[in-house]
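Notes follow once the structure below has been shown.
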Amino acid sequence: MPGAPLIRPTQIQPHPTVLRIPLESDYDLEATLNSGQAFRWRLTEQGWTGVIGHHSVCLRPDGRGIQARTAHPVSEWGWLTDYLQTDLNFDEVLRTFPDDAPMRAALAWCRGLRLLRQDPWECLASFILSSTKQIVQIRQIVESLCRHYGEPLSAPDVPGFAPTHAFPSPARLACADEAGLRSCRMGFRAPYLLAAAQSVAAGQLDLARLGASPPDDARAELMRLPGVGPKIADCVLLFAYGFQTSFPLDVWVLRALRRLYFPGRRINLTLLRGFAATHFGPYAGYAQQYLFHYIRNVKD
DNA sequence: GCCCAGGTGAAGC
DNA sequence: GCTTCACATGGG
């Protein structure tokens with residue numbers, strides 16, 4: 001029997017858990033990951049840690065670009081660059097914004113806020129859970145849901161990663177019961193989430209197909225779900241399917257439009273909807289996210 | 001205690 | 001069409 005080799009081959013291999021993404025324009029990770037479009041990112045000593053699909057990943061600024069570290073080796077990175085939308089010509093997006101005082105103020109406040117391209121199911125489910133909840137609470141509910149129903153993801157023996165869970169699949173949630181979902185503190189939203197999971201799991205709602213549909217059709221399909229109205233549908237269109245003209249009108253964005261564009265006037269909702277639909281150009285959804293971020297963070 | 005939160009559906013006019 | 005209200009829970 002030969003013994004163990006005296007000299008072990010040196011592992012000279014690239015680090016397939018690390019990727020550096022060079023960028024040509026601003027990318028503010030905190031504003032992007034922590035401002036109410038995705039709900040599973042948290043800041044650790046190593047950087048912004050979260051889960052994309054079945055990948056645990058940690059992101060941090062690296063010069064002008066982003067450094068990504070995954071918990072486990074990966075063979076390709078398209079899932080990450082797609083999620084982060086790092087190939088987008090961001091300066092072109094900024095050029096399409098209306099040149100008015102509110103947009104200038106929002107851009108002066110934050111220049112690197114981006115829109116993510118999220119998984120449609122996770123996005124839909126998360127925003128079903130979002131109604132009349134503060135962002136911190138949405139995060140808590142989503143984390144609880146993942147802990148209870150998501151597939152476990154192991155952590156490597158390196159700093160920055162802890163064991164975590166994937167976002168639960170529609171099939172898994174479809175066979176949950178309402179009481180179990182309510183134990184994740186989602187309250188009256190439980191039957192809505194359950195109905196959505198069952199509709200997707202049964203193939204009645206084909207989320208993959210919606211991305212190839214005209215936006216108005218996709219919106220109408222989503223709004224057939226109980227608990228999904230115009231705002232949640234628009235969030236899914238914008239954050240998951242990348243329909244860039246979708247303009248979610250929530251309490252904050254309405255507040256921003258009223259205060260910044262029509263100060264001191266009583267403007268009804270119908271007029272504001274019309275303004276939102278016509279004023280902001282081909283990347284209106286992007287502009288919306290800037291107004292949302294600005295009005296939430298700047299005290300008047 | 002009170003008000004509000006990345007809303008929606010149902011009931012009332 | 002528009003307005004009002006309940007819904008479940010927790011942060012500030």
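Each chain gets a letter, A, B and so on, in the order the sequences are listed, and its residues count up from 1.
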What integer distance in Å separates A:L193:CG from B:dT8:P? 15 Å
Mind checking A:R139 for me? I need base, sugar-phosphate or nothing, with any heavy atom below 4.0 Å counting as a touch. nothing
Just by distance, no angles: are the side chains of A:H72 and A:S154 close enough, under 3.5 Å, to form a donor-acceptor pair? yes
Can you tell me how far P in C:dG10 sits from the matching atom in B:dT8, rounded to whole Å? 22 Å
At the 4.0 Å heavy-atom cut-off to chain A, mark where contacts on DNA chain C begin and end, going 5' to 3'. C:dC2 to C:dG11
Proximity of A:Y283 and A:F243 rings by center, below 6.0 Å: no
Check whether the ring centres of A:H165 and A:Y149 lie less than 6.0 Å apart, and answer yes or no. no
Find the distance A:R255:CZ to B:dG7:C1' and express it as a whole number of Å. 14 Å
When the ring planes of A:F90 and A:Y286 are compared, do they come out parallel, tilted or perpendicular, using 30° and 60° as the limits? tilted
Rounded to the nearest Å, what distance is computed from the CZ atom of residue A:F39 to the P atom of nucleotide B:dG6? 9 Å
Would you say B:dC4 has OP1 or OP2 under 4.0 Å from some side-chain N or O of A:R296? no
Determine whether the aromatic ring of A:W252 stacks with the base of B:dG6, defined as ring centroids separated by less than 5.5 Å and ring planes inclined by less than 30°. no
Euclidean distance, atom CZ of residue A:R189 to atom P of B:dG9 [Å, nearest integer]: 13 Å
Please work out whether the ring planes of A:F188 and A:Y192 are parallel, tilted or perpendicular, with thresholds of 30° and 60°. perpendicular
Roughly, in whole Å, what's the span from CG in A:L269 to P in B:dG7? 13 Å
With no angle test and no hydrogens, is the base of B:dG6 tied to the side chain of A:Q288 by a donor-acceptor pair under 3.5 Å? yes
What closest approach, in Å, do A:S126 and A:F167 show between heavy atoms, and which atom pair accounts for it? OG-CE1, 3.9 Å
Round to a whole Å and report the spacing from CZ of A:R219 to C1' of B:dG7. 13 Å
Gap in Å between the two P atoms, one belonging to B:dG6 and one to C:dT3, rounded: 23 Å
What residues from residues 223-251 of chain A pass a heavy-atom cutoff of under 4.0 Å to DNA chain B? A:L225, A:P226, A:G227, A:V228, A:G229, A:P230, A:K231, A:I232, A:F239, A:P248, A:D250, A:V251
Distance-only, no hydrogens or angles: does the A:W77 side chain make a donor-acceptor pair with backbone N or O of A:A68 under 3.5 Å? no
When the distance from CG of A:L113 to C1' of B:dG6 is rounded to whole Å, what number comes out? 14 Å
Give the C-alpha distance, both sets of side-chain angles, the deciding distance and a yes or no for side-chain contact (heavy atoms from CB on, under 4.5 Å) between A:D234 and A:R219. CA-CA 7 Å; A:D234 285 339; A:R219 190 172 192 257; 2.7 Å; yes
Closest-nucleotide ordering on DNA chain C, the 5'-leading residue of A:T270 and A:Q140: A:T270
Do A:R20 and A:Q67 have side-chain atoms, one donor and one acceptor, less than 3.5 Å apart? no
Between P of B:dT8 and CG of A:L254, the distance in whole Å: 11 Å
Is it true that the side chains of A:N268 and A:R273 contain a donor and an acceptor less than 3.5 Å apart? no
